[in-house]
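Reading through the structure tokens given below for one structure.
Start at 1 with the first residue, then count along the sequence. First listed ligand is number 1; within each ligand, the first listed atom is number 1.
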Amino acid sequence: MIVCKITCRGILNSHLRARLRNPWSSQNMARPSSDLAAFREIFSKAKHIAILTGAGVSAESGVPTFRGAGGYWRKWQAQDLATPEAFARNPSRVWEFYHYRREVMLTKNPNPAHLAIAECEERLSKQARKVTVITQNIDELHRRAGSKNILEIHGSLFKTRCVSCGHESANYKSPICAALEGKGAPDPNTSDAGIPVQDLPRCEQAGCHGLLRPAVVWFGETLDSDILTRVEQELDNCDLCLVVGTSSIVYPAAMFAPQVAARGVPVAEFNMEDTPATMRFKFHFHGPCGTTLPPALARHETEDQTV
Ligand SMILES: [Zn+2]
């Protein structure tokens, strides 16, 4: 399927929009099942599993999202600072925010949901079966848990992009530059560090020295078309889809999972919420995904025990 330009967190392409307008049209309206044995039966035969993950998976590792009630950095939330306009206006403040988020990740670890997904990918790869993680999370906890096939649709806290030459690179420095050392405190009484732009993270490509920005998708920006093409391939090829830590009415699962379900492919949700949208899916497992996912993805009795 060709993906039209999809703008982050908002505009759906016409194909999906039509489907979402009347999501029940061709779907079975029966309540989704929470029968784990029935899920496991389908799981044991799946050759190509797509796992969509969202903020709920990170939240169970204690990663702050700066969204919703109480989710503030100083007096701002993510939607105030995670924009191209905020960066153009005050790159020092935005870099303080991202520096803080990078440093916080040094104290966080993958949880049982991340680990179950990674273990499942590793085990099934030896049986010529594929698991792909499609995540909106930018914290790299899936990678740290050991997942290999990861499509980060919102980028990563640990990648930078040069605003001059466009070069992207991985960056795990702590602090990312000398001027940010000790900066980024989240307390609402903290003043801006007011770091001169030449002292913020700069491009190291020969002769460039342009300003770097976090290589994440900000509000109002378009998703990377190469990654979206790969996501579409995974969604078109999968024979089982899991939606983990994000409800099916919330982006991005709202865009991706319905097109899988519409092909007649089983979709299983693992999250804290039960919404009317879950009715179009085959399974729904309610609760923290760190609790519900490990038994769901554990080795099935029919799997080859030698690999
Ligand atoms: Zn550059």
Side-chain angles (χ1 to χ4, degrees), residues 3-11 58 63 65-66 73-74 76-106 108 133-144 147-186 192-231 252:
V3 178
C4 307
K5 228 176 171 185
I6 297 178
T7 301
C8 180
R9 299 175 178 88
I11 304 164
S58 295
V63 177
T65 60
F66 305 103
W73 180 84
R74 298 184 186 164
W76 300 285
Q77 293 197 305
Q79 60 266 34
D80 304 316
L81 298 173
T83 72
E85 293 78 18
F87 189 67
R89 231 178 3 249
N90 195 334
S92 172
R93 180 188 292 159
V94 173
W95 260 120
E96 275 199 273
F97 177 54
Y98 279 92
H99 167 63
Y100 174 72
R101 298 178 73 174
R102 288 162 59 99
E103 297 294 309
V104 161
M105 289 314 300
L106 299 174
K108 307 298 180 192
V133 175
I134 300 165
T135 188
Q136 64 177 325
N137 300 333
I138 59 173
D139 50 41
E140 296 202 2
L141 286 177
H142 284 297
R143 185 190 60 76
R144 282 170 55 188
S147 289
K148 302 278 191 305
N149 290 328
I150 309 171
L151 296 174
E152 294 172 314
I153 61 172
H154 285 172
S156 166
L157 281 173
F158 300 98
K159 288 196 182 87
T160 57
R161 183 163 70 248
C162 175
V163 300
S164 296
C165 74
H167 182 75
E168 274 196 24
S169 56
N171 185 313
Y172 296 95
K173 288 183 207 161
S174 170
I176 187 168
C177 67
L180 280 165
E181 181 152 26
K183 306 298 184 191
D192 276 346
I195 299 167
V197 73
Q198 64 269 22
D199 295 336
L200 290 172
R202 309 296 300 200
C203 182
E204 292 175 2
Q205 293 297 104
C208 181
H209 204 60
L211 176 63
L212 297 180
R213 56 163 280 181
V216 297
V217 178
W218 280 334
F219 290 91
E221 292 187 318
T222 305
L223 300 187
D224 182 283
S225 60
D226 292 339
I227 289 181
L228 268 182
T229 301
R230 291 168 64 195
V231 167

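Remark: of the listed residues L200, I195, V163, L200 is the sole one forming a side-chain contact (heavy atoms from CB on, under 4.5 Å) with P91. Remark: of the listed residues W76, W218, F66, F66 is the sole one forming a ring pair (Phe, Tyr, Trp, His ring centres under 6.0 Å) with F97.
Side-chain atoms of T160 and E168 form no donor-acceptor pair, as typed in the model, at a separation below 3.5 Å. For the residue pair E152 / T135, no side-chain donor-acceptor distance below 3.5 Å is found, with atom types taken as modelled.
Using a 30° and 60° split on the angle between ring planes, F158 and Y172 fall in the parallel class, below 30°.
Residues forming a side chain to side chain contact (heavy atoms under 4.5 Å, CB included) with Q77 (at least two apart in sequence, or on another chain): Y72, Q79, D80.
Of all protein N/O/S atoms, those under 2.8 Å from the Zn ion (ligand 1) are C162 SG, C165 SG, C203 SG, C208 SG, and waters are not counted.
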